There are 2 protein chains.
Amino acid sequence: MAKPRSEIPSATVSRLALYLRELQQIERSGSANVRSGWLAERLGLKDSQVRRDLSCLGQVGQRGVGYRVQDLVSAIQNVLGTDRSWNVILVGVGNLGRALSGYRGFDQLGFRLVAAFDSDPNKVGTKVGALQVQDLDHLERFAQTQRVDLAILAVPANAASAVASRLQSSGIAGILNFAPVVIPSNSAITVQPVDLALELQRLAFSVVQRHGIAHLGEIAIRTEDSLEEVD
Amino acid sequence: MAKPRSEIPSATVSRLALYLRELQQIERSGSANVRSGWLAERLGLKDSQVRRDLSCLGQVGQRGVGYRVQDLVSAIQNVLGTDRSWNVILVGVGNLGRALSGYRGFDQLGFRLVAAFDSDPNKVGTKVGALQVQDLDHLERFAQTQRVDLAILAVPANAASAVASRLQSSGIAGILNFAPVVIPSNSAITVQPVDLALELQRLAFSVVQRHGIAHLGEIAIRTEDSLEEVD
DNA sequence: TAGATTGTTAATCGATTAACAATC
DNA sequence: TAGATTGTTAATCGATTAACAATC
């Protein structure tokens, strides 16, 4: 029953969130049980990996039978912290910020957007979803009067560091950082970086790696020192 | 001179993109050289890791001196495939799609948005940046007449799989998938998933792990089976 | 040459996998 | 009991790190 939460490997944590997503879908489809092999197939993993990951939740399956979907869902939610609700603020109401605020799925995971801030006077006062954008200057005051757990940082790169340190001193526990800038994590504040350009680069790399470059039409061709050595 | 491109570990690939970002900043600031220790400090890594990563580019540094910034930039761009240009289409022009289309930084990495598609008649014909949104039905025709390398998939979850298989048969090499659904990668098509809800969950988890739950104000308290076992 | 920093080795650490005993 | 599937072990694989020889 003692959940060894602090021992869960980070690779497992990421997959637990994927399992959760899949399990909730299964739940809606009416099945009460799953087998590790079935989850594995759906997610492109090995069944032994699924079992190993799920064993981090404790003894949650039944040998010879499988796992009860509901049990898994609540166990994973408990471990990930999504059985609680999190108050989240949005800082930076540009294209990306606006998109994130409307992102379905945050809400059902327990993340509640409680305020949105921007420093642009043209944006202050406008609506983002049900919220009115506040001036960034009001950030600290807001954080004093309301509990704020997390911040989504979606400001331009050049503003990110300054805003991040303000967030830090206002007592927020974590930042989801979309700015292409390294915000240092420390014991007071946890930072989870998301770099969209980097994801596109990763994709481009794996395409080059698999298909070679020649595949890509009239793109600058340098087959002589790139394609041939691939074995 | 032979670049062992296919041997680069995936963890290194991700960091190479980070180095590139940092190096381009350094380049703008006028420095011609960097040391591994300096890059390491900026990115929160160990210097030995930086050197090991960069050694995947070949012999690119000078002992006793450091690395020439320009050399690194072009070597990394070459390896990542961003010294070429990539034709990218956007499928799904919702909030997220619109935000991504305006994302500064894609362009300077060589990713050119050449078309945008949506199945919603209300969106078809509207502008997204300089592009006019096309009907999703025109996808295949477009792919036949123009070279398309990559697709950004930003449609709702329930539409994602169907659109993905159309993309696949239209000969596109890679998909950056923002839909919370698993799209299988195979040798014909590479898929890079980006799950924004998952990133927020990861953040929540590491906050719980570091601070414990009690830190979070009046949130449902279950210290008895969660906080105490943390050593 | 003396000082500095890379490139690389060997050791450590962590994550994945196959296999199978435990048990429903 | 027979069949099935978990939970867990041990082996493998990959990534990180410290240390240092090579060399600018």
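In the text below, chain A, chain B and the rest are named by the order of the sequence lines, each starting its count at 1. None of these values were measured; they are calculated from a predicted model.
What separates CG of A:Leu16 from P of C:dA15 is a distance of 13 Å, to the nearest Å. Remark: C1' of C:dT6 and CG of B:Asp53 are 14 Å apart, rounded to the nearest angstrom. Rounded to a whole Å, the CG atom of B:Leu54 is 15 Å from the C1' atom of D:dT16.
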Next on the checklist: Applying side chain to side chain contact (heavy atoms under 4.5 Å, CB included) to A:Asp53 and A:Val50, what does each step give before you reach the verdict?
Outcome noted: CA-CA 5 Å; A:Asp53 285 341; A:Val50 172; 5.8 Å; no
Next on the checklist: side chain to side chain contact (heavy atoms under 4.5 Å, CB included), that's the test. Do A:Leu57 and A:Val79 meet it? Break it down for me.
Outcome noted: CA-CA 7 Å; A:Leu57 305 169; A:Val79 162; 3.7 Å; yes
Next on the checklist: Set out, in order, the CA-CA distance, both residues' side-chain angles and the distance that settles salt bridge (Lys or Arg N to Asp or Glu O under 4.0 Å) for B:Arg147 and B:Asp149, then state yes or no.
Outcome noted: CA-CA 7 Å; B:Arg147 176 170 59 82; B:Asp149 304 313; 2.5 Å; yes
Item to check | salt bridge (Lys or Arg N to Asp or Glu O under 4.0 Å) between B:Asp195 and A:Arg21, intermediate numbers included | outcome: CA-CA 11 Å; B:Asp195 186 330; A:Arg21 201 172 76 183; 2.3 Å; yes
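Helix-axis bend for the helix from C:dG3-D:dC24 to C:dC24-D:dG3: the local axis fitted to the five terminal pairs at one end deviates from that at the other end by 10°, rounded to 10°.
You won't find any donor-acceptor pair under 3.5 Å spanning the side chain of A:Arg63 and the base of D:dT5, going by distance alone.
Annotation: the span from B:Leu96 atom CG to B:Leu196 atom CG amounts to 6.0 Å, rounded to 0.5 Å. With values rounded to the nearest 0.5 angstrom, B:Asp71 atom CG is found 11.5 Å from B:Leu54 atom CG.
When distances are taken from the side chain of B:Arg52 to each of C:dG7, D:dT17, D:dT8, the shortest belongs to D:dT17.
Phosphate contact (OP1/OP2 of D:dT23, side-chain N/O of B:Gln59, threshold under 4.0 Å): absent. Note on A:Tyr67: a side-chain N or O is less than 4.0 Å away from OP1 or OP2 of D:dG7.
The aromatic rings of A:Phe106 and A:Phe111 lie perpendicular to each other, with more than 60° between the two planes, well past the 30° mark.
If A:Ser55 and A:Val65 are placed on DNA chain D by their nearest nucleotide, the residue sitting closer to the 5' end is A:Val65. Mapping A:Gln62 and A:Thr12 onto DNA chain C via the closest heavy atom, the residue that lands nearer the 5' end is A:Thr12. Mapping A:Pro9 and A:Gly64 onto DNA chain C by nearest heavy atom places A:Pro9 closer to the 5' end of the strand.
Side-chain atoms of B:Thr190 do not come within 3.5 Å of backbone N or O of B:Asn186 as any donor-acceptor pair. A distance-only check finds no donor-acceptor pair linking the side chain of B:Thr82 to the backbone of B:Asn78 [under 3.5 Å].
When heavy atoms are screened at a 4.0 angstrom cut-off, B:Ser10 is found touching the sugar-phosphate backbone but no base atom.
Heavy-atom distances under 4.0 Å link DNA chain D to B:Lys46, B:Ser48, B:Gln49, B:Arg51 of residues 20-51 of chain B, given in residue order.
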